[in-house]
Amino acid sequence: MKATGIVRRIDDLGRVVIPKEIRRTMRIREGDPLEIYTDKDGEVIFKKYSPMGELASFATQMCDTLSKTTGNVVVICDRDVVIALSGVPRKELVDKRVSEDLERMLESRQMYQYKAGDRKIPVTDGQERHFVGIAAPILAEGDISGSVLFLLGEDGNSGTETEYKLAQTVAAFLGKQMES
């Protein structure tokens, strides 16, 4: 654990303000759920809660099935990190923070398909190897929870209409799973 040197007091209602710099760095937005952990040494730890994390093993199975069916690299992410993928080694993307470009694209709540001449959207920060070909937002109870992605092929191909519909269908299915 890294010390920030920032000290905050608890107010009379038991609230603590998380400093803006930390919220920006950790991409914590107003309304985001936080899990609270304690340990035997008296530490209190706040962690961003990801309902998509609950579906990680299921999401991995979905990625495996889609990748084997289409021959493409398939990724499922929540709003912050990649939680499942198939078609490339896990260490390349899993648990890596999604790029700011992808995060902005998800906020639009629209389907996306790369077209030749568009600026390529990297999947994660700090890498220039994996780019979004097709993205379908996962919506649960009206909120954006993540996305199903088909990555650009080596040839720059963004995918077919069938893959577009598959991404849309799986995203809708995962959204329904999160609501129940």
Side-chain angles (χ1 to χ4, degrees), residues 1-60 62-63 74-85 90-112 119-132 134-149 151 167 170-180:
M1 194 172 351
K2 187 168 81 173
T4 64
I6 300 170
V7 175
R8 293 286 193 245
R9 294 198 182 277
I10 297 175
D11 72 8
D12 58 337
L13 295 176
R15 297 176 296 199
V16 177
V17 174
I18 300 172
K20 186 175 186 174
E21 311 82 58
I22 293 174
R23 291 192 319 264
R24 186 180 309 125
T25 302
M26 302 305 295
R27 296 182 182 177
I28 298 171
R29 300 166 209 74
E30 181 179 340
D32 280 354
L34 298 175
E35 283 185 284
I36 302 170
Y37 296 90
T38 60
D39 71 4
K40 59 184 176 227
D41 297 329
E43 292 178 324
V44 178
I45 301 162
F46 292 92
K47 182 179 177 189
K48 281 185 74 170
Y49 174 71
S50 171
M52 288 291 296
E54 309 278 324
L55 298 175
S57 65
F58 183 65
T60 300
M62 295 292 279
C63 286
V74 181
V75 172
I76 296 176
C77 62
D78 66 11
R79 292 179 61 186
D80 298 304
V81 297
V82 172
I83 62 166
L85 86 136
R90 289 180 47 84
K91 67 181 180 201
E92 289 188 33
L93 294 172
V94 170
D95 293 329
K96 300 260 185 346
R97 182 172 281 183
V98 299
S99 70
E100 289 184 24
D101 291 337
L102 177 54
E103 188 177 2
R104 275 192 294 279
M105 184 183 68
L106 292 176
E107 304 250 340
S108 75
R109 299 168 178 252
Q110 301 294 315
M111 287 285 297
Y112 168 84
R119 190 171 68 76
K120 292 181 179 178
I121 298 173
V123 175
T124 60
D125 282 331
Q127 64 84 25
E128 295 296 323
R129 185 165 173 216
H130 302 289
F131 298 96
V132 178
I134 296 171
I138 299 169
L139 300 171
E141 297 176 357
D143 292 328
I144 186 81
S145 298
S147 185
V148 176
L149 310 172
L151 304 191
V170 170
F173 178 77
L174 289 171
K176 291 288 184 198
Q177 289 299 304
M178 292 175 59
E179 290 175 355
S180 54

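Note that the structure is predicted; figures quoted are calculated from it, not measured.
- Looking at residues two or more places apart in sequence or on another chain, you find no side chain to side chain donor-acceptor pair (under 3.5 Å) involving Arg24.
- Of the inter-residue distances, the one linking Cys63 atom SG with Arg90 atom CZ reads 9.5 Å to the nearest 0.5 angstrom.
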Val75 vs Leu102, side-chain contact (heavy atoms from CB on, under 4.5 Å): CA-CA, chis, key distance, verdict: CA-CA 12 Å; Val75 172; Leu102 177 54; over 6 Å; no
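- To the nearest 0.5 Å, the span separating OH on Tyr112 from CG on Leu149 amounts to 11.0 Å.
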Leu85 vs Val123, side-chain contact (heavy atoms from CB on, under 4.5 Å): CA-CA, chis, key distance, verdict: CA-CA 12 Å; Leu85 86 136; Val123 175; over 6 Å; no
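- With sequence neighbours left out, the ring pair (Phe, Tyr, Trp, His ring centres under 6.0 Å) criterion links Phe46 to no other residue.
- Among the candidates Val82, Ile138, Thr60, the single residue satisfying the side chain to side chain contact (heavy atoms under 4.5 Å, CB included) test with Ile76 is Ile138.
- Contact detail for Gln110 and Pro137: the closest heavy-atom pair is O-CD, 3.7 Å.
- Heavy atoms only, all atoms of each residue included: Pro122 and Gln127 are closest at CB-O, 3.8 Å.
- Note that CG of Asp101 and CG of Leu106 are 11.0 Å apart. Values are rounded to the nearest 0.5 Å.
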Stepwise side-chain contact (heavy atoms from CB on, under 4.5 Å) test for Ile18 and Leu34: CA-CA 12 Å; Ile18 300 172; Leu34 298 175; 3.8 Å; yes
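- A 6.0 Å sphere centred on CZ of Arg9 holds no more than 12 heavy atoms belonging to other residues, nucleotides or ligands.
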Candidate pair Val148 and Met62, rule side-chain contact (heavy atoms from CB on, under 4.5 Å), full reasoning: CA-CA 10 Å; Val148 176; Met62 295 292 279; over 6 Å; no
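- Between Arg23 and Glu30 there is no salt bridge, since no side-chain nitrogen of the basic residue lies less than 4.0 Å from a carboxylate oxygen of the acidic one.
- Within 6.0 Å of the CD1 atom in Ile10, the count of heavy atoms belonging to other residues, nucleotides or ligands does not exceed 12.
- To the nearest 0.5 Å, atom CG of residue Asp78 and atom CD1 of residue Ile144 are 10.5 Å apart.
- When side chains are defined from C-beta on, Arg79 counts as touching Glu107, because their heavy atoms get closer than 4.5 Å.
- The structure places CG of Leu93 at 7.0 Å from CG of Leu151, a figure rounded to the nearest 0.5 Å.
- In this structure, Val132 and Met105 approach most closely via the heavy-atom pair CG1-CE, 4.1 Å.
- Partners of Arg97 according to the side chain to side chain contact (heavy atoms under 4.5 Å, CB included) rule, which considers only residues two or more places apart in sequence or in another chain, are Met26, Arg27, Asp125.
- Remark: side-chain polar atoms of Arg109 are paired, donor with acceptor, to backbone N or O of Gly142 under 3.5 angstrom.
- Checking side-chain atoms of Asp41 against main-chain N and O of Glu43 turns up no donor-acceptor pair under 3.5 Å.
- Separating the OG atom in Ser147 from the CD atom in Glu103 is a distance of 12.0 Å, to the nearest 0.5 Å.
- In terms of heavy atoms, Lys91 sits closest to Lys96 at O-NZ, 2.8 Å.
- Counting all heavy atoms, side chain and backbone alike, Ala167 lies closest to Ala136 at O-CB, 3.3 Å.
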